[in-house]
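Quick note on labels: first sequence line is chain A, next is B, and so on, each numbered from 1.
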There are 2 protein chains.
Amino acid sequence: MAARTPDTDLTDTASQLRNAIVRTSRALRQEAAGESGLSPNQTAVLASINRSGPVTPSELADLERVKRPTMTRTLACLEREGLIERTPDPADGRSSLVAVNDAGRERLARLRRRKSAYLARRLRKLDPEEVETLARAAALLERMREDEQG
Amino acid sequence: MAARTPDTDLTDTASQLRNAIVRTSRALRQEAAGESGLSPNQTAVLASINRSGPVTPSELADLERVKRPTMTRTLACLEREGLIERTPDPADGRSSLVAVNDAGRERLARLRRRKSAYLARRLRKLDPEEVETLARAAALLERMREDEQG
DNA sequence: CTAGGCTAATTACCTAAGCTAACTTTCACA
DNA sequence: TGTGAAAGTTAGCTTAGGTAATTAGCCTAG
């Protein structure tokens, strides 16, 4: 059976999606510089730690799909901000377990509530079904990312 | 009437979308480093020039929502790669008009065809209606960006 | 039970791509 | 025609990605 979605459409959609993501991500970074005190990257990592519980830096690097040195730096920053805590890994003396502390959870909750954030501001101008489309797109992007985990 | 989409949902969706975008954008950058020869940013700018025809650097900076010095650097790079051309702006001696040349159009077409690109690869594993959701999300993101143009 | 190799984390350094500030050239108009 | 604003660039800062090299801890073969 012929594919419902021929490859030309797919690569075209891929291009459009890619450009939209790149541009939106740029806008997000720019806004974060303003006020929040935490860059979009740092926020995403903090959310990841929160979701995955105590986790080693290496696991986290894999989750976020960055290299370990990059994660080392991000974690150092989150630690300096007092949002995470490390405990020695009982199973491996080379490693440690990273977890979000109270301050970090508070910060995440606050960020999640921010009505004036770039995206929240814009979402409020959309129809409910458009918001729903974006919510499902977000879930799909995460799923796509996780699928390639191996 | 009560909003179909209460603010709590909105800010929550905003958070999820934001993290998904940040992470996907990271993955895109990483892939681009590999092979394509053009970063996602440079690609997005090239596509923008192609879409908007001959355009001044300032207009382009506004379109992409970056500052002028940033655009100067990106244009310098695209020019070095031989993908764009500048002609003096007949209407303003301080400025110039930037346009994609044949090599640039060829490059864009090639990128659009790349079936092995990060997103294209993953889109092929989704249902058609999921692909459709992402396509609509891309359009929405672009629209949201343009709405704030002022 | 230890030698050698593997792995986790870090450090040092490079690059891309945002930004602001400051400078030059050109424009516009009072 | 002189002055202020605007376009583009240059210089320099920051963040966040990367690789290579180092250190410390783990594990296994002999």
**Student:** Check whether any side-chain N or O of B:Arg26 sits under 3.5 Å from a backbone N or O of A:Arg65 as a donor-acceptor pair, and report yes or no.
**Tutor:**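 Looks like no, no N/O pair under 3.5 Å.
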
**Student:** With DNA chain C as reference, determine whether A:Val22 or A:Ser58 sits nearer its 5' end, using the nearest nucleotide of each.
**Tutor:**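 The answer here is A:Ser58.
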
**Student:** Can you check whether B:Val98's main-chain N or O pairs, donor with acceptor, with B:Arg86's side chain at less than 3.5 Å?
**Tutor:** no

**Student:** Looking only at atom types and distance, does a side-chain atom of B:Glu31 sit under 3.5 Å from a main-chain N or O of B:Tyr118, one as donor and one as acceptor?
**Tutor:**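 Yes, B:Glu31 side chain to B:Tyr118 backbone: donor-acceptor pair under 3.5 Å.
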
**Student:** Provide, to the nearest angstrom, the distance between the NZ atom belonging to A:Lys67 and the P atom belonging to D:dG18.
**Tutor:**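 Answer to the nearest Å: 6 Å.
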
**Student:** What is the distance, rounded to the nearest whole Å, between atom CG of A:Asn41 and atom P of D:dG18?
**Tutor:**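 About 11 Å, once rounded to whole Å.
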
**Student:** Could you tell me whether B:Pro57 contacts a base, only the sugar-phosphate backbone, or nothing, with contacts defined as non-hydrogen atoms closer than 4.0 Å?
**Tutor:**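 Sugar-phosphate contact only.
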
**Student:** Would you say A:Cys77 and A:Gln42 make side-chain contact, with heavy atoms under 4.5 Å?
**Tutor:** yes

**Student:** Roughly how far apart are A:Glu85 CD and A:Leu78 CG, rounded to 0.5 Å?
**Tutor:**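 So the CD of A:Glu85 and the CG of A:Leu78 are separated by 12.5 Å.
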
**Student:** Do A:Arg112 and B:Thr11 come within less than 4.5 Å of each other through their side chains, counting heavy atoms only?
**Tutor:**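 A side-chain contact under 4.5 Å is absent here.
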
**Student:** Going 5' to 3' along DNA chain C, between which two nucleotides do contacts with chain A fall, using a heavy-atom cut-off of 4.0 Å?
**Tutor:**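 Reading along DNA chain C, I get C:dT7 to C:dC19.
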
**Student:** Between B:Arg26 and D:dG17, is there a side-chain N or O to OP1/OP2 distance below 4.0 Å?
**Tutor:** yes

**Student:** How far does CG of B:Leu28 sit from CG of B:Leu119, to the nearest 0.5 angstrom?
**Tutor:**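 One gets 5.0 Å once the value is rounded to the nearest 0.5 Å.
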
**Student:** Heavy atoms within less than 4.0 Å of DNA chain D: which residues of residues 70-85 of chain B have one? Give them sorted by number.
**Tutor:**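 Residues of residues 70-85 of chain B under 4.0 Å from DNA chain D: B:Thr72.
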
**Student:** For DNA chain D, which residues in residues 86-98 of chain B have a heavy atom at a distance below 4.0 Å?
**Tutor:**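 Nucleic-acid contacts, sorted: B:Arg86, B:Arg94, B:Ser95, B:Ser96.
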
**Student:** Strictly below 4.0 Å: does A:Gln42 bring a side-chain N or O up to OP1 or OP2 of D:dA16?
**Tutor:**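 For A:Gln42, the contact criterion (side-chain N or O under 4.0 Å from OP1 or OP2 of D:dA16) is met.
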
**Student:** Quick one: does A:Leu126's side chain get under 4.5 Å of B:Arg143's, heavy atoms only?
**Tutor:** yes

**Student:** Side chain of B:Asn41, backbone of A:Val22: donor and acceptor closer than 3.5 Å?
**Tutor:**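 Side chain of B:Asn41 to backbone of A:Val22: no pair is present.
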
**Student:** In this structure, how many angstroms lie between the C1' atom of D:dG17 and the CD atom of A:Glu64, rounded?
**Tutor:**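 It is 13 Å, rounded to the nearest whole Å.
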
**Student:** Quick check for you: to the nearest 0.5 Å, what is the distance between A:Leu10 atom CG and B:Leu123 atom CG?
**Tutor:**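 Nearest 0.5 Å value for the CG-CG distance: 5.5 Å.
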
**Student:** Donor-acceptor pair, distance only, cut-off 3.5 Å: does the side chain of B:Asp127 make one with the backbone of B:Glu129?
**Tutor:** no

